[in-house]
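Quick caveat: nothing in here was measured; it's all calculated off a predicted structure.
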Amino acid sequence: MQDETLLLHTEIDDLPFPALTPVVHRASTIVFPTVAAFLARQEQFYDGYSYGLYGHPASRHLAQNIAALEGGARTLVTPSGMASITVVNLAVLHAGDHVLLPDPVYAPARAAADRFLSGIGVTASYYDPAIAGGIEQVLRPTTKLVWVESPASFTMEVQDLPAIVKAAHGHGALVAVDGTWASPLGLKALRHGADFAVQALSKHVGGHSDLLLGSVTVASEELYRRLKDTSKHLGLGAAPDDCFLAQRGLGTLATRLERQTASALKIAQWLARHPEVERILYPLLSGDPGHALWRRDFLGGSGVFSVLLKPRGDGDLASFLEHLRLFRIGASWGGLHSLVAPVRLDSARSVRPWPKGGPLIRFSIGLEHPDDLMTDIEEGLARYAGGRKAAAE
Ligand SMILES: *Cc1c(COP(=O)(O)O)cnc(C)c1O
């Protein structure tokens, strides 16, 4: 079955109310018919139902569907993308271990590595996202985990996943991939040999900016059990209503991504020729440094890209962004509504500093008509350019 079909035709609970949609059970407590069943409830921990925190029909159903899309065996659903990242870290890393992260990694993941993992004796270091097989040189005997985030959240740098996997596995390290930008439709990280495929379901899968959830998908039952145990120790569960909403989001994921990607491509190609624009960062464009890797390893794109503007004053950037009529200023992406986020990378990178220049802004293209979005940006860029002309006079 193709992904688009899989998204809609999944097994749901066989209840005596034959709807197309799954039931949401909101429950902390599960009751048991016998003393023996109650005392043996731990046996239900990994696959069945023992307590609301450890799984309920909506979380199991969502997990099965994400596992199928990722091409994995098992999926753990967590309360946020960040919780998924933390569960992977804590399931793999112990005192004395080393973890490698790409320089442009999702900023809260970097903060967690520097300020939280260091406190439990784990050392983190960063690598150039263009490193590919050269990661050999920075792997240490104590490296237990290598993170890949591709493309990077703001700079859209695409990483050579198969080359990194090969080197990491050669050193006995596991590889975790944050594939949120492309969703499981656009990047099947496990097929490229990754051990953990991580998604912030809050973004494209939820798709409506109204929920927080994450997932981790693995190819082996053993890794799944390690993740599940870790999430239990941390007291993490996924809310039934959020799981239901994410499940509903899956049904339109392919259609939304197709439309958002087509609109983003149209807008990015138009912007690339705009006089106020220095460069577009979007692997779908043939001139992008990540284009060849994206074509080789990805099955699709998304409507998220960044734009490097020609340098002007900060005030001009504010008047560009604050007076947009359709784009709202916000940090997330993948929802129905278009968003724009100004980016400061000055202190965010340690391996390969971002060159000084004009401001970087990230767009998440929603489902509005692309022509209306272009008009909005056009007017905004005129305000931006107006500030420059005023300064020159
Ligand atoms: C948003 C995001 C996360 C975190 O997801 P939350 O659900 O907001 O915690 C992790 N990685 C990437 C690439 C993201 O964009």
Participant: Run the side chain to side chain donor-acceptor pair (under 3.5 Å) test against H171 and tell me which residues pass, sequence neighbours left out.
Facilitator: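 Testing H171 for side chain to side chain donor-acceptor pair (under 3.5 Å), a comparison that skips the adjacent residues, returns E136.
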
Participant: Just so I know, are the side chains of C243 and Q247 near enough to count as touching, which here means a heavy-atom distance under 4.5 Å?
Facilitator: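 They are not in contact (no side-chain heavy atoms under 4.5 Å apart), so the answer is no.
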
Participant: When rounded to the nearest 0.5 angstrom, what is the spacing between CG in L53 and OG in S231?
Facilitator: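 Here the rounded value is 7.5 Å.
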
Participant: Identify whether the distance between the nearest side-chain nitrogen and carboxylate oxygen of R349 and E157 falls below 4.0 Å.
Facilitator: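 E157 and R349: salt-bridged.
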
Participant: Contact between V99 and L117 at the side-chain level, heavy atoms closer than 4.5 Å - yes or no?
Facilitator: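 Heavy-atom side-chain distance check passes, below 4.5 Å.
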
Participant: Name every donor-acceptor pair, under 3.5 Å, that has one atom in a side chain of residues 262-270 and the other anywhere in the protein, sequence neighbours excluded.
Facilitator:
from, atom 1, to, atom 2, distance (Å)
S263, OG, R259, O, 3.1
K266, NZ, D371, OD1, 2.9

Participant: May I ask you to check if R362 and F305 form a cation-pi contact, with NZ or CZ under 6.0 angstrom from the six-membered ring centre and within 45° of the axis?
Facilitator: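 No, R362 and F305 do not form such a contact.
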
Participant: Does N89 form a side-chain contact (heavy atoms from CB on, under 4.5 Å) with W147? I'd like the steps, not just the answer.
Facilitator: CA-CA 10 Å; N89 280 333; W147 276 97; 2.9 Å; yes

Participant: After noting the C-alpha distance and the side-chain angles of Q199 and S215, does the key distance pass the side chain to side chain donor-acceptor pair (under 3.5 Å) rule?
Facilitator: CA-CA 5 Å; Q199 294 287 335; S215 64; 5.9 Å; no

Participant: Please check this pair: side chain of S319 against backbone of D316, looking for a donor-acceptor N/O pair closer than 3.5 Å.
Facilitator: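 Here the side-chain-to-backbone pair exists.
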
Participant: Within 45 degrees of the ring normal and closer than 6.0 Å to the centroid, is that where the cationic atom of K228 sits relative to F45?
Facilitator: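 Yes; both conditions hold, so K228 lies above the ring face of F45.
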
Participant: On the 0 to 90° scale, with breaks at 30° and 60°, tag the F320-Y384 ring pair as parallel, tilted or perpendicular.
Facilitator: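 The arrangement is tilted - the two ring planes meet at 30° to 60°.
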
Participant: Is the Lys NZ or Arg CZ of R41 less than 6.0 Å from the centre of Y51's six-membered ring, within 45° of the axis?
Facilitator: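 Relative to the ring axis of Y51, which defines the angle, R41 lies outside at least one limit.
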
